[in-house]
*Asks:* 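Could you have a look at this structure, given as structure tokens, before my questions?
If you're wondering where the values come from, they're calculated on a predicted model, not measured in any experiment.
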Amino acid sequence: MGPKPLKIAVLAGEVSGDLLGGDLVAALKRAYPAKLSLMGVGGPALEAEGLRSLFDFSELSVMGLTQVLARLPRFLSLIRSTAKAIIAEKPDLLLIIDSPDFTHRVARKVRAALPGLPVVNYVCPSVWAWKEYRAKAMLAYVDRVLAVLPFEPAVMERLGGPRTHFVGHRLASAQALLACRARRSSRAVPAVAEPKTILLLPGSRRAEIAAQLPVYEEAARDFVSRNGPARFLLPTVARREAEVREMTAGWAIQPEIILGEEGKWQAFAEADAAMAASGTVILELALAGVPCISTYKTDFLIKLLHKRIKIWTGALPNIVVDYPVVPEYLNEQVRAGSALRWMERLSTATPERAAMMAGYDRLWQLMQTPTPAGEAGAAVVLDLLQEKGIIPACAHASADDRP
């Protein structure tokens, strides 16, 4: 008799987590010889692997404590209903991906009802930034952590958290990103007098887009005033298209609104520089080799809690390389004047651009792993299932052989 079919409950609350989940599940299907079925919460990438999401995962895309508090009854209801659905299904594994405010709360409830259920957390919570006590607390409901940043296993070990593996980031081996890097490596840096192409990436959540677009508009207008005609590319997700078009309808300098992953990577390949919301997209830009700055506006409650945040930077490339590579601006510091001047310096051959590209090279080196992230993560998952006696020993690389 061959290996039994596996049922996996998966929870992804945002676009980046959905992509990570889809990549990992696809690798699991390649590595495990029996049928694998999904239930839980996710978006298009996981749905392409067979998930029927319990609800539209965009409901979880809120920004800041004020929004969470405003929608707290609905948020708590989703936690309860999701946990109840998973408990009823009795899956073989629970895979939680990022979005800890939602996924970890569900995992605690599920583990309480199903104490023998293996739980894997993909994307290490930022315990290195604040709330270090969360690492040890995770021992009660998480068996393994799949880290996407190379320093995280050592941090989790120091803080007494669950066993953590650096599996790498799917971006470092993604064909679209690799193709983009190749295209960019063959491009000449534009001369000062040449028209520039500037990427505008205000975020994927409604509130962050609304907070940042006015600054980006002013920066774009002043950039053209100072430097002459330029292209402005604004990639967005389909569910935000109507809002972005409405918010930019009155702009004097109209951006080109771009939809879909293929269009986004095309824009990355063509861009001379970018201004972008703090988050995964800054890592995407850095790995692709697009000079950029990071901007972000938090709500007032987060501002009140800033003293509890221990990390020195919010830009992932800076954290990994351990020195300032990407300039970042927060809250009142997010100003059009700073943004447009950085776009001027980063879109031509300047010392600032050269220094950033050297930092990007170091980042690329540090993010490399022997195998793609999905495959490394799948090996950890299968080892855990074997350790728990849920599946027999099968032909796959041991997680102990992974970085």
*Asks:* So does Arg134 get a backbone contact from the side chain of Lys136, meaning a donor-acceptor N/O pair under 3.5 Å?
*Replies:*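 Looks like no, no N/O pair under 3.5 Å.
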*Asks:* Hey, is Glu218 close enough to Arg335 for a salt bridge, meaning N to O under 4.0 Å?
*Replies:*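 Looking at Arg335 together with Glu218, the answer is no, because their closest N to O distance does not fall below 4.0 Å.
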*Asks:* Would the distance check show the side chain of Arg231 and the main-chain N or O of Thr197 forming a donor-acceptor pair, the cut-off being under 3.5 Å?
*Replies:*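 No.
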*Asks:* Using distance alone, with no hydrogens and no angle criterion, decide if Gln266 and Glu270 have a side-chain donor and acceptor under 3.5 Å apart.
*Replies:*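 Short answer, yes.
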*Asks:* Does Trp265 have any ring pair (Phe, Tyr, Trp, His ring centres under 6.0 Å) partners at least two apart in sequence or in another chain, and if so, which?
*Replies:*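 Result, ring pair (Phe, Tyr, Trp, His ring centres under 6.0 Å) vs Trp265: Phe268.
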*Asks:* Keeping the roles fixed (side chain from Arg111, backbone from Leu117), state whether a donor-acceptor pair exists under 3.5 Å.
*Replies:*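 Judged by distance alone, yes, a pair lies under 3.5 Å.
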*Asks:* Under the rule for salt bridge (Lys or Arg N to Asp or Glu O under 4.0 Å), what residues qualify as partners of Asp92, not counting sequence neighbours?
*Replies:*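 Asp92 satisfies salt bridge (Lys or Arg N to Asp or Glu O under 4.0 Å) with Lys4 only.
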*Asks:* Taking side-chain hydrogen bond (donor to acceptor under 3.5 Å, both in side chains) as the definition, give me every residue that meets it alongside Thr350, ordered by chain and number, with sequence neighbours left out.
*Replies:*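 Residues passing side-chain hydrogen bond (donor to acceptor under 3.5 Å, both in side chains) with Thr350: Glu352.
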*Asks:* Do NZ/NE/NH1/NH2 and the carboxylate oxygens of Glu157 and Arg163 come within less than 4.0 Å?
*Replies:*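 Arg163 and Glu157: not salt-bridged.
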*Asks:* Does Glu246 come within less than 4.0 Å of Arg240, counting only side-chain N to carboxylate O?
*Replies:*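 Salt bridge between Glu246 and Arg240, a charged N being under 4.0 Å from a carboxylate O: no.
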*Asks:* Do Asp98 side-chain atoms and Val123 backbone N/O form a donor-acceptor pair below 3.5 Å?
*Replies:*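 Pair absent, no side-chain N/O of Asp98 close to backbone of Val123.
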*Asks:* Is Glu344 salt-bridged to Arg341, cutoff N-O under 4.0 Å?
*Replies:*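 Here Glu344 does not pair with Arg341 in a salt bridge, since their nearest N and O are not under 4.0 Å apart.
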